[in-house]
Amino acid sequence: MPELPEVETVRRGLAPALVGATIERVELRRRDLRFPFPERFAARLQDRRVLDLRRRAKYLLADLDDGHSLIMHLGMSGSFRIDEETPGAFHHKRDKNAAHDHVVLHLDHDRRVVYNDPRRFGYMLLIATQAIDEDKLFRGLGVEPLSGALDAAFLARVFGGRAAPAKALLLDQRLIAGLGNIYVCEALHRAHISPLRPAGSLVLASGRPTAALARLPQSIKGVLTDALKAGGSSLRDHRQIDGSLGYFQHSFRVYDREGAACPTPGCKGTITRVVQSGRSTFYCPSCQK
DNA sequence: AACACCCCCTGTCGGC
DNA sequence: TGCCGACAGGGGGTGT
């Protein structure tokens, strides 16, 4: 489930149970996810206390009391849940999916944090907290889209002279870190910019943003903020930590709505699906130029 | 450098 | 009902 709003929703759900807790034992049910777990992974986590749970881009970072941080990425299908230890309890609904419970963090106070990931595109690793910013996973990351760093001047600077479609640059984590396929489609619709449009065409010869590009920062922040308020989007059966469903998918204006009427007031267009760089793009050819 | 394409893995859904 | 291909919220690697 993991673009910025979903990862942040996971963080907020996990933090109350995880921060301040001690990891008493770690159960690894396989030796790898996308990558092999680090050497002595379970042993290094054992008896560590969690000092903080942060998010950077689509990563979760649990700062531990030994100067290291547990880095977690959910890939395409990763999710966490919190189980209270209730011996004898029978969680019928969990059974089918339990085959993909790959990591169990046994915490104090009889609590478990369980990581489930059917496709195993997620991963976990340990990095010295102080060295995170220089780590190769993090040093190249772009700006946080909800921060002040994302504004029209920034977009004009990174879009200028680029021939790639606007959508491709918005998905590039080296420029803006945290957007994914859904929210890029949604933000471009809100800004009335075609995802196919060459990014450079949104920048004037003077280097200043066009009027359309000047709308984009607020469109990005707006869709992310709205999604956060809704607890993220729940495609298929993904759930929040507490088992409830995020509901922003009901507010999608274009994503997965091929053939539907464009929701822009006064627009008579129809939402269309095209493929860019092998991934689906949804947009309205009528009001997105 | 910049861009397009392929792949990793499993599950689900629509069409036949 | 069953089979088969297309596709899925990410991102790393390679080729041009």
Side-chain angles (χ1 to χ4, degrees), chain A residues 1-11 29-36 55-60 71-80 95-102 115-125 135-142 145 158-188 195-201 223-224 227-228 230-240 245-252 254-259 273-282:
Chain A
M1 43 193 228
E3 297 183 37
L4 186 153
E6 291 74 35
V7 177
E8 178 61 21
T9 297
V10 169
R11 191 196 66 77
R29 299 197 173 157
R30 36 180 313 127
R31 49 184 299 282
D32 61 0
L33 292 171
R34 175 168 188 169
F35 307 117
R55 179 192 59 75
R56 169 74 170 110
K58 300 172 191 172
Y59 294 90
L60 289 170
I71 310 298
M72 298 169 278
H73 196 291
L74 303 175
M76 289 278 270
S77 61
S79 64
F80 282 99
D95 284 357
K96 182 181 172 193
N97 216 240
H100 303 298
D101 287 349
H102 303 309
Y115 179 70
N116 182 287
D117 188 354
R119 293 177 73 178
R120 303 201 304 274
F121 286 171
Y123 51 94
M124 295 188 189
L125 52 114
D135 189 273
K136 68 174 183 335
L137 280 179
F138 290 88
R139 69 178 172 226
L141 287 177
V158 297
F159 278 23
R162 299 289 298 269
K167 187 201 178 196
L169 294 200
L170 293 175
L171 279 175
D172 188 336
Q173 303 298 300
R174 296 170 298 184
L175 304 179
I176 304 171
L179 299 181
N181 205 29
I182 291 177
Y183 296 107
V184 165
C185 290
E186 294 293 317
L188 286 167
L196 308 176
R197 186 162 167 181
S201 76
V223 72
L224 295 178
L228 275 167
S233 305
S234 300
L235 274 57
R236 307 202 166 73
D237 62 348
H238 273 294
R239 283 168 188 275
Q240 297 186 33
L245 292 166
Y247 54 87
F248 190 71
Q249 67 277 12
H250 302 303
S251 301
F252 290 170
V254 293
Y255 186 82
D256 203 20
R257 300 194 69 234
E258 182 178 21
R273 174 183 173 272
V274 296
V275 175
Q276 292 180 278
S277 307
R279 305 186 70 187
S280 289
T281 296
F282 298 90

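Sequence lines set the chain letters: A, B, ... in the order given, protein chains first and strands last, and positions in each chain run from 1.
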Legend entry - Short side-chain N/O contact from A/Lys58 to OP1 or OP2 of C/dG11, under 4.0 Å: yes
Legend entry - A/Glu6 (side chain) donor-acceptor with A/Glu3 (main chain) under 3.5 angstrom: yes
Legend entry - Interatomic distance where CG belongs to A/Leu224 and P belongs to C/dG9 [whole Å]: 16 Å
Inset, instruction - Output yes when a side-chain donor or acceptor of A/Gln276 lies under 3.5 Å from a complementary backbone atom of A/Pro195, and no otherwise. - result: yes
Legend entry - Any donor-acceptor N/O pair, A/Gln173 side chain to A/Gly142 backbone, under 3.5 Å: no
Legend entry - Phosphate OP1/OP2 of C/dG9: any A/Arg279 side-chain N/O under 4.0 Å: yes
Legend entry - A/Tyr123 OH to C/dG12 C1', straight-line distance once rounded to whole Å: 9 Å
Legend entry - Heavy-atom check, side chain of A/Phe248 versus side chain of A/Leu224, under 4.5 Å: no
Inset, instruction - Check for a donor-acceptor pair, side chain of A/Asp117 on one end and backbone N or O of A/His102 on the other, with a separation under 3.5 Å. - result: no
Inset, instruction - Rounded off to whole Å, could you give me the CG-to-P distance for the A/Leu175 and C/dG10 pair? - result: 16 Å
Inset, instruction - Looking only at non-hydrogen atoms, find the nearest pair between A/Thr9 and A/Gly232 and report the distance. - result: OG1-N, 3.8 Å
Legend entry - Rounded interatomic separation in angstrom, taking NE2 from A/His73 and C1' from C/dG12: 11 Å
Inset, instruction - Over all heavy atoms of both residues, which pair between A/Leu141 and A/Ala57 is shortest? Give the atoms and the distance, please. - result: CD1-CB, 3.9 Å
Inset, instruction - Nearest whole angstrom, please: distance from the C1' of C/dG10 to the CG of A/Leu60. - result: 14 Å
Inset, instruction - Evaluate the ring planes of A/Tyr255 and A/Phe282, with Trp represented by its six-membered ring, and classify them as parallel (under 30°), tilted (30 to 60°) or perpendicular (over 60°). - result: perpendicular
Inset, instruction - Give a yes/no on whether any side-chain N or O of A/Gln173 is located under 4.0 angstrom from OP1 or OP2 of C/dG10. - result: no
Legend entry - Presence of A/Ser280 side-chain N/O under 4.0 Å of C/dA8 phosphate oxygens OP1/OP2: yes
Inset, instruction - Check every atom of B/dT10, C/dG9, C/dG12 against the side chain of A/Glu6 and return the nucleotide holding the closest atom. - result: C/dG9
Legend entry - B/dC9 to C/dC3 separation - P atoms, rounded to the nearest Å: 23 Å
Inset, instruction - Grab the two heavy atoms, one from A/Ile71 and one from A/Tyr59, that are nearest each other, plus how far apart they are. - result: CG2-CD2, 3.7 Å
Inset, instruction - Would you mind reading off the distance between A/Leu125 atom CG and C/dG11 atom P, rounded to a whole angstrom? - result: 14 Å
Legend entry - Rounded interatomic separation in angstrom, taking CG from A/Asn181 and P from C/dG9: 5 Å
Inset, instruction - Determine the contact category for A/Tyr183: base if any of its heavy atoms lies under 4.0 Å from a base atom, sugar-phosphate if only primed atoms, P, OP1 or OP2 are that close, otherwise nothing. - result: nothing
Inset, instruction - Please check the phosphate of B/dC9 (OP1 and OP2 only) for any side-chain N or O of A/His100 closer than 4.0 Å. - result: no
Legend entry - Identified stems (criterion: three or more consecutive Watson-Crick or G-U pairs, under 3.5 Å), DNA chain C: B:2-8 with C:10-16, B:10-16 with C:2-8
Inset, instruction - Please report, rounded to the nearest Å, how far the C1' atom of C/dG13 is from the CZ atom of A/Phe35. - result: 11 Å
Inset, instruction - Any chance you could list the contact pattern along nucleotides 1-8 of chain B? Use B for base contacts, S for sugar-phosphate-only contacts and - for none, protein heavy atoms under 4.0 Å, 5' to 3'. - result: --S----B
Inset, instruction - Measure across A/Arg29 and A/Ala98 and return the closest heavy-atom pair with its distance rounded to 0.1 Å. - result: NH1-O, 4.4 Å
